[in-house]
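Notes to accompany the following structure.
Values below: every heavy atom of this structure, side chains too, minus hydrogens, waters and symmetry copies.
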Amino acid sequence: MRIRAVRSRGLSVRLDIRALTVVVLLIVAALVASVVLIGTGDFPIPAADVIRTLMGNGDAGQEFIVNELRLPRVLVGLLVGAALGLGGALFQSISRNPLGSPDVLGLGQGSTAGALIMIVLFKGSAFQVAGGSLVGGLLTGLAIYVLAWKRGVHGYRLVLVGIGVSAVVTAVNGYLLTKADLVDAARAVVWMTGSLNGRGWEQVWPLLTLCAVLVPLVLVNARPLRMLEMGDDVAYALGVRVERTRMLLMLSAVLLTASATAAAGPVSFVALTAPQLSRRLTRSPGPNLVPAMCMGAALLIVADWASQRAFGADQLPVGVVTGVVGGVYLLWLLVTERKAGRI
C-alpha cells in the first residue's frame, strides 16, 4: 500500500494511491456499463449515439428513449448500488464483522414488511408502498439498535440480534402474503424480488436528494468511524464521542439502505459483497467508504445488464442475479471466516 502526503498552504492530505486507483477504475467501469446498458433493449442504440444523445445532440426518437425511458433506470441503479454499498460498509465497520450487512441484519426484510403492509392491507399506490418500505426499514433498524443495546452496541451482539429480528420479520412477511388476494400477492412477490423495471425520474430525485445529504455526512465522520474499529476504549481516549458517532452513522446506514429498498425493492447481497470486494481490491485498512460506494454502483449496473442480456429472451429482475452471486459469495465468506477461527 503506497500512501503519499499532499501539502498545500498548511493543509496536509494523505492519499492512498492504490485505493485512489481502484476508485477511479470503478467509476470508469460503472460509467461504461451505464452507457452500454442505456444502449441495450428492444431498440438498441450504439454507445457513440448514447453519448451524443446524453450531450443533447441526438434525434427526437433517441432523446425520448435515452432520457425518458432508460436514463432514469440507470441512475436509480447507480444510486441504489452506491447507497447499498455505503450502508453495508458502515454496518460492517460498526459491527466489526464482515457478516454485519443489512441483508443479514434484517433491514431488507423490515423494509419489505412495510411495503407488504401497504400493498396487502391498504392497497397502496407505488408512492405509498415506497413510503411504507422506508418506514419499515427505519423501525427495524431502531428495534435492532434497542435490542442490541447493553452499555453500548457491539459486534456479534448486533449481528445476532439482527438475525433474530430478521427471522421474526420474515415470518410476518410470510403471514402477510398468505392473507393477500391473488393480485396483491403477485404484486408483492414482484416487488420483493428487487427490480429496476419501470423506474423513472420520480424514484431518482428523492434518492438523489437523500444521498446528497447523507454521503457528505458519512464521509465527514470517516475518521471517527475508523477509530471506532480499534475499540470503544481507544476511541474514547482519542476524543471520539463513541455512542453519538455510532448512533449517527447507524441512522445514516439505515436511511441509505431503506431508501434504496424503497426505490428498487430488496436487492439482495450488494450491501454484503461491495464492501468486502472493495477492501480486497484496495488492500487498505479501515471502512473503505468511497470504494465500497463505487463498487456497489458498478456491481448493480453490471448485474442489471446481465439480467437483461445473459439469459437469452428471458429478462430477470436484477435481484435474482445479485441473489445468486451474493449467495455464492456468502458461502465462500462463511467458509473463509470458519477456517480463520472467527466463527
Side-chain angles (χ1 to χ4, degrees), residues 29-45 47 50 65-66 68-85 88 101-104 107-109 111-112 115-116 119 126 129-130 133 170 173-174 177 180 182-200 202-204 207 257 259-274 277 295-332:
L31 292 177
V32 170
S34 297
V35 170
V36 173
L37 185 57
I38 290 174
T40 299
D42 294 333
F43 185 80
I45 303 175
V50 171
I65 292 172
V66 170
E68 298 301 323
L69 299 181
R70 297 180 183 173
L71 180 59
R73 174 190 177 122
V74 169
L75 290 177
V76 171
L78 290 171
L79 290 169
V80 167
L84 291 175
S101 155
D103 303 292
V104 178
L107 292 177
Q109 289 84 347
S111 293
T112 300
L116 286 179
I119 292 173
V129 170
S133 173
T170 299
N173 293 342
L177 281 176
L182 186 59
V183 174
D184 288 337
R187 181 186 174 196
V189 169
V190 170
W191 189 90
M192 290 170 63
T193 306
S195 174
L196 297 176
N197 293 336
R199 297 310 186 263
E202 62 271 18
Q203 283 84 33
V204 172
L207 189 54
T257 304
S259 60
T261 305
V267 181
S268 57
F269 289 117
V270 173
L272 174 69
T273 57
L277 291 177
M295 177 63 78
L299 273 178
L300 194 54
I301 289 300
V302 172
D304 192 34
W305 176 87
S307 71
Q308 294 187 51
R309 308 300 296 175
F311 301 94
D314 297 325
Q315 292 191 10
L316 300 178
V318 67
V320 174
V321 177
T322 60
V324 171
V325 175
V328 172
Y329 179 82
L330 177 59
L331 291 174
W332 176 84

(message) Tell me the closest heavy-atom pair linking L207 and A263, and the distance in Å.
(response) CD2-CB, 4.0 Å

(message) Going by side-chain hydrogen bond (donor to acceptor under 3.5 Å, both in side chains), name the residues that satisfy it together with R73, two or more places apart in sequence or in a different chain.
(response) N197, D304

(request) Nearest 0.5 Å please: distance from the CG atom of L37 over to the OG atom of S307. (result) 8.0 Å

(request) Please answer whether the main-chain N or O of W305 pairs with a side-chain N or O of Q308 as donor and acceptor at a distance below 3.5 Å. (result) no

(message) Just to verify, what does S111 make a side-chain hydrogen bond (donor to acceptor under 3.5 Å, both in side chains) with, not counting sequence neighbours?
(response) none

(message) How close do P102 and A271 get, counting heavy atoms only, and between which atoms?
(response) CD-CB, 3.6 Å

(request) For residues A30 and I301, report the shortest heavy-atom separation together with the two atoms involved. (result) O-CG2, 4.3 Å

(message) Please find the pair of heavy atoms, one from P266 and one from T261, that lie closest to each other, and give the distance.
(response) N-CG2, 3.7 Å

(message) Once side-chain hydrogen bond (donor to acceptor under 3.5 Å, both in side chains) is applied, do any residues pair with Q109, and if so which ones, sequence neighbours excluded?
(response) S166

(request) Could you check I38 against I45 for side chain to side chain contact (heavy atoms under 4.5 Å, CB included), going step by step and ending with a plain yes or no? (result) CA-CA 8 Å; I38 290 174; I45 303 175; 5.9 Å; no

(request) Starting at CG of L116, measure out to CG of L177 and round the result to the nearest 0.5 Å. (result) 5.5 Å

Scan the side chains in residues 187-194 for donor-acceptor partners under 3.5 Å anywhere in the protein, sequence neighbours excluded, and list what turns up.
from	atom 1	to	atom 2	distance (Å)
R187	NH1	G124	O	3.0
R187	NH2	G124	O	2.7
T193	OG1	V189	O	2.9

(request) Using a 4.5 Å cut-off on heavy atoms from C-beta on, say whether the side chain of T273 contacts that of V325. (result) no

(message) Suppose we screen for side-chain hydrogen bond (donor to acceptor under 3.5 Å, both in side chains). Which residues come up paired with N173, at least two apart in sequence or across chains?
(response) none

(request) Return the minimal non-hydrogen interatomic distance between V76 and G200, and the atom names on each side. (result) CG2-O, 4.1 Å

(message) Whether the side chain of T322 engages the backbone of S268 through a donor-acceptor N/O pair (distance < 3.5 Å, no angle test) should be reported.
(response) yes

(message) As an exercise, state the distance from CG of D103 to CZ of F269, rounded to the nearest 0.5 Å.
(response) 6.0 Å

(request) Any chance you could measure I65, atom CD1, to R70, atom CZ, to the nearest 0.5 Å? (result) 5.5 Å

(request) Could you tell me the separation between the CG atom of L78 and the CG atom of L71, rounded to the nearest 0.5 Å? (result) 9.0 Å

(request) Mind listing the closest non-hydrogen atom pair of V318 and S195 along with its distance? (result) CG1-CA, 4.0 Å

(message) Please enumerate all residues that pass salt bridge (Lys or Arg N to Asp or Glu O under 4.0 Å) together with R199, with sequence neighbours excluded.
(response) none

(request) Drop me the distance from L84's CG to L299's CG, to the nearest 0.5 angstrom. (result) 10.5 Å

